[in-house]
Each structure stands twice: as structure tokens, then as C-alpha cells.
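Working notes for the structure below.
Atom set for the values below is all heavy atoms of this structure, side chains included, hydrogens, waters and symmetry mates excluded. Every number for a ligand or one of its atoms is a count from 1 in the order of the listing.
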Amino acid sequence: MSDTDPIAPDLYAGYRYLRDNAPVSQVETGGPWQVSRHADVHAVLRDHTTFSSVVSTQPPEERGQPSMLFSDPPVHHRLRKLVSTAFKPNHIERQSERIEARAQLLIQNLPRGEPVDLVAALAAPLPVMVIAEMLGVEDGDMGTFKQWSDAIFSNIGEILFGTPSAEAQKAAAEMDQYFLDQIDDIRARPQDHLLGRLIATKTEDGHLSNDELLSFCRLLLIAGNETTTGLITASARIFHELPDTLPPLNQDDDLIPAFIEEALRYYSPFSATVRRTTKEIELAGIMIPKGDLVLPLIASANRDEHVFDQPDSFQIDRNPNPHLALGFGIHFCLGAHLARLEGKIAVKQLAKRFSSIRLADEGKTDVGGLGGPKELMVILD
Ligand code: HEM
């Protein structure tokens with residue numbers, strides 16, 4: 001633990017304890033195996049044959065259409081290929097000016113010197129607006145998109161392994177109906193955006209089915225929202241903990257990319273993921289049986305002292321920075337360029353406008369969970 005992470009000392013001390021004493025260990029007898037060292041997390045993410053992403057315990061007929069995040073090759077390859085062009089750097093860069101204009105608009109009237117919720121003001125709406133525009137649904141109600149995404153994301157465990165809450169089921173049904181209506185409209189009047197192009201895509205069996213299209217819409221809306229909110233709020237926490245980091249970012253834009261990489265490492269918004277073993281396998285001297293769940297603790301790997309010099313200190317120009325915050329291997333974050341771009345723009349706009357960002361109430365800040373906090377009260381000056 002260091003003096004630079006006063007907000008969540010226990011969480012990161014807990015990860016360190018695991019790395020030192022039980023790098024591959026079961027949460028409880030018979031439970032999933034948590035993997036905490038960088039080398040082992042990397043090994044799990046790299047080996048998709050042994051560590052499958054088909055983790056659900058639901059019978060295949062009840063799972064619905066697979067999403068790329070929870071599938072293995074060849075299904076994964078086919079699904080990823082259908083959308084990968086839209087997320088390539090040159091496509092994403094074209095959105096830069098529009099994202100910047102949106103961020104400016106969101107923060108231009110924020111009050112100074114009094115508590116304001118940065119999640120509601122910027123960190124939640126910006127990513128929702130960006131993905132909604134890519135999907136061609138920017139005229140929809142952003143607040144509703146966000147509620148759907150929150151309800152489904154916070155129930156992801158139950159959705160995969162048990163019975164989702166009534167709230168999550170209702171959100172999923174409403175979201176599906178909304179997108180089905182959009183899909184019908186677009187079929188009638190073809191449009192040139194990501195969803196329009198997916199609808200027009202020719203496949204071996206003709207066109208993508210409604211269920212396949214819905215699966216893309218759900219994944220893209222959910223995967224990119226909570227995590228990007230997490231990156232923007234992580235940056236604000238860092239400005240609070242290390243006030244000297246903010247002013248230089250206003251002087252020199254070139255510092256921002258390395259700042260974002262370090263923020264991704266330091267407060268990794270996608271703190272852990274999940275796999276299931278397809279065979280018995282030894283990891284760090286421990287035998288994991290076939291069919292068990294494995295939790296690669298990305299946030300712990302990103303604080304591993306065997307890889308990062310002074311891992312608990314935030315180094316604005318850390319280089320190299322081989323963090324795993326965006327994953328590794330075939331499931332490496334599809335939205336990585338977009339996430340980095342949104343993060344850079346949000347930080348640039350905040351640094352341009354404010355010389356100080358403080359948390360209004362340190363005690364109420366949750367950090368290190370999956371995704372971003374629901375609220376982050378800050379005082380801007
Ligand atoms: C700071 C923001 C983000 C973080 C930290 C993040 C992190 C991650 C991580 C760690 C994975 C790999 C999960 C695994 O291997 O199990 C992943 C996959 C994915 N991400 Fe992101 N993500 C972010 C933003 C986005 C955005 C903006 C989008 C799109 C709008 C997106 C779409 C996806 C998709 C579709 C996958 C699945 C890729 C596949 O299975 O091949 N992400 N993300």
C-alpha cells in the first residue's frame with residue numbers, strides 16, 4: 001500500500017496479499033479461482049483454448065444468441081469481424097471533433113466551488129451519447145439507455161450464472177423492444193451507421209437475424225458505458241489525490257495519452273474478467289480442474305511489483321506501461337481506441353477549464369469495482 005491511494009487502501013492491500021501469498025486461490029472451497037499476478041493473468045487471457053469465454057451455466061438453448069465477449073472461436077471470430085471495421089483507429093478518429101464538442105457542451109456550465117456530480121454531468125452521458133450515435137440511435141433518451149445499461153451491467157453475474165433480477169429482466173426486455181423498433185425502421189429506410197450497416201450485411205445464411213442484431217446492440221451499449229465512466233471518474237480521483245497532475249495537462253496535450261494509460265493501470269475500470277477451464281491445467285504450481293471458473297484479477301495484475309516499478313505510485317509519464325486494463329489476446333477490448341479517445345477528450349476538456357478537481361466526500365467514493373461509480377461528487381475550481 002502507498003500513501004498515494006488513500007481511498008481504497010484495503011482493496012489494493014488485499015490484491016498484494018494475494019499476489020504474495022496465494023496467487024492462484026479459490027475464493028471459497030469449490031468456488032472460482034482468482035488469479036492475481038500479471039504473468040498468470042496474461043497467461044490466462046492469452047490461452048483462449050484452455051480458458052474458454054463460454055462461461056455461462058445456462059443450457060445453450062436458454063442462453064440466446066452468443067455475444068462475442070462470451071464466445072470462443074470460430075463463433076467469436078465471426079462476430080468480431082462483423083463489427084471490427086467500425087472500431088478501427090481511422091474510423092474512430094473521424095468522431096474526434098464531435099466527441100470533443102459533446103464534452104465541451106456537457107461541462108461548459110458546471111458550477112465552480114460547490115459539489116457537483118461528475119458522473120451525471122460528464123462521465124455517464126459522454127460514452128452513452130457516443131455509442132448511441134454510432135448505433136444511429138442518438139435521438140433516443142440517453143437517460144433511459146443509461147438506466148438499461150446500469151441495470152443489466154450490475155446483474156451480469158446473475159445473468160450468466162443464475163436468475164437475473166426482475167429489474168435486469170425488465171431493462172433487457174425494454175431495451176430489446178426499443179432496438180427491435182429501430183431495426184424495423186432501418187430495414188424500411190436503410191441508413192449508413194453501424195447498426196444500419198449490420199442490418200445490411202450479407203451472411204452465409206442471408207442476413208443477420210433480429211436476435212443476432214440485438215446481441216450486438218446490447219453488448220456495445222453495455223460494454224462501453226460503465227467502463228468509460230470508470231476511466232473518467234478514475235481520472236478525477238487522481239486529480240484529487242495528486243493535485244499537481246492537472247495543471248500540466250492543460251499546458252501540454254502530449255502528456256495526456258500517457259496519463260490515460262496510467263489511469264487505466266492505476267484504477268482499472270474493468271477490474272476482473274471470467275473464464276472456464278476446458279481441461280485440467282497447472283497455473284503457478286496449482287492444479288485447476290477442468291470445468292472450473294477462473295477470475296483473472298486485472299486490477300491486481302496492473303499493480304504487480306514484478307512488472308511495474310513502484311506500482312502503487314501514479315507516474316504520469318510511466319513508460320513502458322504493459323497494463324492489462326483493456327485485456328489481451330482475442331478478446332482484447334474492441335472499443336480500445338474509442339475508450340482512449342473519449343478518456344483523452346474528457347481529461348483535456350477538464351484540464352482546460354479547471355485548475356483543481358477535488359472529491360467532495362472521500363469516504364463515499366467506491367473504487368475498484370467493475371465499471372464506474374453511480375455518483376462522484378466533486379468540487380471544481
Ligand atoms: C475505459 C474503457 C474500457 C475498458 C477499461 C474496457 C475493458 C475491456 C476488457 C478488459 C475487455 C476484455 C474482456 C475479456 O477478455 O474478458 C473488453 C472487451 C470488449 N470491449 Fe471494452 N473496455 C472499455 C471500453 C469499451 C468501449 C467504449 C467499447 C465499445 C463501445 C467496448 C467494447 C468491448 C467489446 C465489444 C469487448 C469484447 C471483445 C471481444 O470479446 O472480442 N469497450 N473491454
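Taking the six-membered ring where tryptophan is involved, the planes of His38 and Phe308 are perpendicular, since the angle between them exceeds 60° and thus also 30°.
The nearest non-hydrogen atom to atom 25 (C) of ligand 1, considering only Ala234, Gly329, Cys333, Pro127, comes from Cys333.
Of the candidates Phe259, Phe239, Tyr267, Phe259 is the only one forming a ring-ring contact (aromatic ring centres under 6.0 Å, His included) with Phe314.
Arg46 and His42 form a side-chain donor-acceptor contact under 3.5 Å, judged by distance and modelled atom types alone. For the residue pair His323 / Asn321, no side-chain donor-acceptor distance below 3.5 Å is found, with atom types taken as modelled.
Heavy atoms of Leu231 found under 4.0 angstrom from ligand 1 belong exclusively to the side chain. When heavy-atom distances to ligand 1 are checked against a 4.0 Å cut-off, Ala325 comes that close only through its backbone atoms N, CA, C and O. At a 4.0 Å heavy-atom cut-off, ligand 1 touches His76 through the side chain alone. Only the side chain of Thr273 comes within 4.0 Å of ligand 1, counting heavy atoms alone; its backbone N, CA, C and O stay farther away. Only the side chain of Arg80 comes within contact range of ligand 1, with a heavy atom under 4.0 Å; no backbone atom does. Heavy atoms of Phe328 found under 4.0 angstrom from ligand 1: none, in either backbone or side chain. Looking at Leu69 against ligand 1, both its backbone and its side chain come within 4.0 Å, counting heavy atoms.
A cation-pi geometry, defined here as NZ or CZ lying under 6.0 Å from the six-membered ring centre and within 45° of its normal, does not hold between Arg37 and Tyr15.
At a 3.5 angstrom cut-off on N or O pairs, Arg275 counts as close to ligand 1.
Between the side chain of Asp252 and the main chain of Pro248, no donor-acceptor pair closer than 3.5 Å is present.
For Val274, the heavy-atom gap to ligand 1 stays at 4.0 angstrom or more. Remark: distances from the non-hydrogen atoms of Phe70 to ligand 1 are all 4.0 Å or more.
The protein heavy-atom contact nearest to atom 9 (C) of ligand 1 is Phe270 CD1, 3.4 Å. Looking from atom 1 (C) of ligand 1 to the surrounding protein, the closest heavy atom is Thr227 O, 3.6 Å. Distance from atom 40 (O) of ligand 1 to its nearest protein heavy atom, with residue and atom name: His331 ND1, 2.6 Å.
Close contacts of ligand 1 with Gly327, meaning ligand atoms under 4.0 Å from a residue heavy atom, involve 10 (C). Atoms of ligand 1 found under 4.0 Å from any heavy atom of Ala223 (numbered from 1 in listed order, with element): 25 (C), 32 (C), 33 (C), 42 (N).
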